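Have a look at the structure below, then the notes.
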Amino acid sequence: MTPPEPSVPGTRNRNTLGEATSPYLRQHAGNPVHWHQWGDEALAWARERDVPVLLSVGYAACHWCHVMAHESFEDEATAALMNEHFVCIKVDREERPDIDAIYMNATVAMTGQGGWPMTCFLTPDGAPFYCGTYYPKMPRGGMPSFTQLLEAIAETWRNRRADVHRSAVAIVSELRRGSGGLAPGERPVDAALLDAADAAVAADEDAVHGGFGGAPKFPPSALLEGLLRGYERSGNPAVLSLVERTAEAMARGGIYDQLAGGFARYSVDAGWVVPHFEKMLYDNALLLRVYAHLARRMSAPWVRRVTEETVEFLLRDLRTAGRCFASALDADTDGVEGLTYVWTPGQLAEVLGDDAQWAAELFTVTDAGTFEHGSSVLRLLADPDDAERYERVRAELFAARLQRPQPGRDDKVVTAWNGFAITALAEAGAAFGRTDWVDAAVDCARALLDLHLVDGRLRRASLGGTVGAPAGVLEDYGALVTALLAVYQATGDAAWLDPAGALADVALTHFQDPARPGSWFDTADDAETLVARPRDPVDGATPSGAALISEALLTLAAVVPEDPRYADAADASLRSAVVLLERAPRSAGHWLTVAEAAVRGPIQVAVVGGGELLSVVRQAAPGGAVVVGGDPDSSPLLADRPLVDGGPAAYVCRGYVCDRPVTTEAELRAALSA
C-alpha cells in the first residue's frame with residue numbers, strides 16, 4: 001500500500017540530516033533515505049502515516065556503520081523500500097546517549113548482544129518490537145539481508161499488528177523494570193571491601209598478555225585508576241604489578257600509536273597486536289589520567305614517554321579551533337581500515353634507507369605481517385638500544401605517514417569527554433610542572449562554560465562553535481564538575497568553585513532519585529520523556545554517570561566542607577555501589593576509584609605559600625587527594641591556615657581530622673604516607 005503524502009509536501013518526505021550538528025548525521029545527509037533526526041515531529045509523522053519507525057544508531061568513527069551505510073543506505077532500491085514502509089530516524093549515540101542506552105538494552109535483551117550500527121524497529125510511540133545490529137546487503141552467515149528484514153517487518157506490521165504491540169508492551173515493561181536502580185549495600189565501604197574487590201579483579205587478569213578477558217580486548221582505564229589508588233592505600237605490590245603489566249602491554253602493543261601517540265579503541269586480538277583503528281577522545285583522556293598517575297609511582301622511562309606522547313596527540317590531533325577536543329578519529333581512511341597506519345618492510349625501506357632493517361626489528365615489521373596483505377601494525381616490544389636513532393627514525397616515519405591519506409575527524413565536542421580531558425591535563429600538568437598542559441585544560445574549561453552552559457543547564461555537544469539542542473546527561477555534569485575542581489586545584493583560582501557548585505546543585509535537583517537516596521537517573525527529571533528513564537550505574541566504555549557525579553560530589557565536599565549536602569549525597573551513592581564492588585568489581589572501576597578516595601578521607605592538603613612544598617605534594621599525594629595551594633584565605637580550603645614562622649606550610653587533613661602543619665619536605669612525605 002502506498003503511504004499517504006505528507007501534510008505539508010516536501011517538508012517531511014526528504015532527508016533532513018544536513019541541518020544536524022552531529023558529524024555522524026551529516027555523513028548521511030546525502031543518502032537517498034529520508035532520514036529524520038529524533039524528535040516529536042518524526043514520531044508524529046510515523047503516527048500520521050501509520051508506519052513503524054526504523055531507528056538506526058551509530059557514530060562517526062564506527063567501521064561497520066560505514067559498511068552498512070555504503071551497502072544499504074546509499075543504495076537507491078534499498079532506500080526506496082525504507083522510505084515506503086517506515087519513518088527513518090538517525091541517531092548519533094554520542095550526542096544522544098539516553099536514546100542509545102534504552103534501545104541498546106532492548107537489543108541486548110532480544111539478541112543477547114549489542115553493538116553499532118544498531119537497527120531497531122519501533123512503534124510510532126517509540127516502543128521497540130524488533131532490534132538488531134548490522135545487517136548485510138546480501139544474506140550471509142545465517143543473517144538475512146537488510147532488504148529481507150525490511151520486507152518481513154513491513155509485512156508483520158500490516159498483518160500481525162497485535163503481535164507487534166504485545167511484543168512492544170513486554171519489552172517496554174522489561175526496560176522499565178531494568179531501570180529500577182540498585183539497593184543500598186549492607187556492608188560498609190571500607191578497606192576490607194576494597195581489598196576484596198582488588199583481589200577479585202586480579203583473579204580475572206590475563207597474566208600472559210595483560211588486561212582482562214580475550215578478544216576483542218578493551219583498555220580498562222577506569223579500573224586501572226581504581227587499582228592504582230588501591231595500591232597507594234594498601235601498599236600491596238601485586239596490585240601495582242597488575243597495573244604495570246597491563247599499562248606496559250598496551251603501551252608497547254599495536255593498540256598504541258607508536259609514531260603519533262594515542263590509543264585506539266580496542267585490540268581485535270587478546271595480545272594488543274592489531275587495533276580497531278578508531279581513536280576516541282574518551283579513551284585517550286581517561287588513559288592519560290592513568291599513565292600520568294602511574295608515572296608518579298614508577299621510574300620506567302616508557303611511562304613518562306607515553307604520558308607526554310598522549311598529551312601531544314590530544315593537543316595536535318584532537319584540539320579544535322574552539323580550544324576544546326574533537327570526539328574521534330575515524331577507524332577507516334577512504335573506506336579502508338588501517339590504511340594510514342600500517343607498514344611493510346618495503347615501505348620502511350623507501351622512507352628510511354639504511355635504517356630500515358633496524359626499524360623493522362624494533363617495530364616488529366615482518367614479511368608475513370601482523371595485519372592484512374603482509375602489512376604490520378607497529379609495536380615497540382622493547383626500548384631501543386639507540387635513543388637518538390629511534391627519535392630520528394620515528395620522526396621520519398611520522399612525516400612520511402602524514403603524506404598518506406588521513407582518517408576523518410569527528411569534530412563534535414562532547415561535554416563529558418572534554419571534562420575527562422580537562423581533568424587529565426590539569427592533574428598531569430600540576431604533577432609534572434607543565435603549565436602548558438594546565439593552560440590547555442583552563443582554555444577548554446572556559447570554552448565549555450561559555451558555549452555548553454545555556455541558561456544554567458548543560459548541553460551535550462557542539463560543532464564548530466554552535467551548541468546542539470540535546471540536553472546534558474548525568475555524566476556531563478559529573479565529569480565537568482570534577483574537571484572544574486581539577487582546574488581549581490591546578491591553578492589555585494577559587495573562581496572555578498562557583499560554576500562547579502552550581503552544576504553540582506543542578507545534578508542534585510534534577511538527576512537524584514528522590515525515592516531512593518544514592519540512586520541517580522542518567523537524564524534529568526524535566527528531560528524529554530522516552531519509553532523508559534535510563535539509569536545505569538555500571539561502567540561501560542566510559543564511567544557511569546552515577547560514579548562520575550559521586551566523584552564530583554566527594555571532591556566538592558572536601559573543598560566546600562560547610563555544605564553537608566555534597567558529602568551526604570556522595571556517601572549515599574557509594575553505599576548504593578556496594579553490590580557492584582562486591583559482585584562485579586571489573587564493571588565498577590570508577591566506583592573503585594571514588595571509594596578509594598572516600599576511604600582515605602579523602603585526603604586534603606592545603607599548602608599556603610606554595611613553593612617546593614606544593615610541588616612535593618602534587619607528586620607524592622595519592623590519587624583522589626584534594627590539593628590546593630595559594631595565599632592564606634584565598635579559597636575555602638586555605639581559610640584560617642596561616643604561614644608558619646612567615647614561611648610556607650602544608651596542612652594535611654583526612655575527612656574532618658587534621659594533622660599539625662608541616663614545613664619541610666620530609667615531614668610532608670611522612671604525613672602523606674601515614
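Bear in mind the structure is a predicted one, so any value in this text is a computation, not a measurement. Nothing fancy with the numbering, it's 1 onward along the sequence.
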Are [X] and [Y] close enough for a salt bridge, meaning some N to O gap below 4.0 Å?
X	Y	result
Arg96	Asp92	no
Arg535	Asp98	no
Arg641	Asp631	no
Arg618	Glu427	no
Arg669	Glu665	yes
Arg660	Glu667	yes
Arg434	Asp436	yes
Glu475	Arg460	yes

[X] side chain to [Y] main-chain N or O, any donor-acceptor pair under 3.5 Å?
X	Y	result
Glu248	Glu244	no
Asp539	His590	yes
Thr310	Leu288	no
Tyr477	Leu458	yes
Ser544	Gly540	no
Thr246	Val243	no
Asn418	Phe325	yes
Asp571	Ala567	no
Trp591	Pro537	yes
Asn284	Phe263	yes

If we only count heavy atoms from C-beta on, is the [X] to [Y] side-chain gap below 4.5 Å?
X	Y	value
Asp198	Asn236	no
Cys444	Cys324	yes
Arg459	Glu95	no
Ile99	Leu530	yes
Arg265	Phe218	yes
Pro219	Ile255	yes
Val605	Leu672	yes
Asp195	Ser234	yes

Closest heavy-atom contact between [X] and [Y]?
X	Y	value
Val467	Ala461	CG2-O, 3.6 Å
Ala426	Ala441	N-CB, 3.9 Å
Ala598	Leu554	N-CD2, 3.7 Å
Gly501	Leu556	CA-CD2, 4.0 Å
Tyr291	Ala251	OH-N, 3.8 Å
Asp659	Ala671	OD2-CB, 4.1 Å

Any luck finding a side-chain donor-acceptor pair between [X] and [Y] under 3.5 Å?
X	Y	answer
Glu278	Tyr59	yes
Thr555	Tyr566	no
Gln604	Tyr651	no

Residues Ser327, Met280; criterion side chain to side chain contact (heavy atoms under 4.5 Å, CB included); working and verdict
CA-CA 6 Å; Ser327 294; Met280 309 300 297; 5.6 Å; no
Nearest-0.5 Å distance that lies between atom [atom1] in [X] and atom [atom2] in [Y]:
X	Y	atom1	atom2	value
Thr423	Leu485	OG1	CG	8.5 Å
Glu205	Leu227	CD	CG	9.5 Å
Thr307	Glu312	OG1	CD	11.0 Å
Leu281	Asp410	CG	CG	10.0 Å
Leu228	Glu225	CG	CD	6.0 Å
Arg533	Leu175	CZ	CG	15.5 Å

Spell out, with a plain yes or no, whether Cys653 and Cys658 have SG atoms under 2.5 Å apart.
yes
Does Glu308 form a salt bridge (charged side-chain N to carboxylate O under 4.0 Å, His left out) with Arg304? I'd like the steps, not just the answer.
CA-CA 6 Å; Glu308 293 173 343; Arg304 181 66 179 260; 3.1 Å; yes
Aromatic plane relationship, Trp417 with Tyr282 - under 30° parallel, 30 to 60° tilted, over 60° perpendicular:
perpendicular
Relative to each other, are the rings of Trp437 and Phe432 parallel, tilted or perpendicular (30° and 60° limits)?
perpendicular
Has Lys217 got its NZ or CZ under 6.0 Å from the middle of the six-membered ring of Tyr266, at an angle within 45 degrees of the ring axis?
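No; the conditions do not both hold, so Lys217 does not lie above the ring face of Tyr266.
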More than 12 heavy atoms of other residues, nucleotides or ligands under 6.0 Å from [atom1] of [X]: yes or no?
X	atom1	value
Asp640	CG	no
Arg565	CZ	yes
Glu562	CD	yes

List the steps and the verdict of side-chain hydrogen bond (donor to acceptor under 3.5 Å, both in side chains) for Tyr488 and Ser635.
CA-CA 10 Å; Tyr488 160 61; Ser635 67; 2.6 Å; yes
Check the pair Trp520 / Ile549 against side chain to side chain contact (heavy atoms under 4.5 Å, CB included), numbers first and verdict last.
CA-CA 9 Å; Trp520 301 83; Ile549 197 64; 3.7 Å; yes
Give the intermediate values and the outcome of side chain to side chain contact (heavy atoms under 4.5 Å, CB included) for residues Leu668 and Glu612.
CA-CA 11 Å; Leu668 179 54; Glu612 187 60 27; over 6 Å; no
May I have the step-by-step check of side chain to side chain contact (heavy atoms under 4.5 Å, CB included) for His510 and Arg457, ending in yes or no?
CA-CA 10 Å; His510 293 287; Arg457 303 289 288 274; 3.6 Å; yes
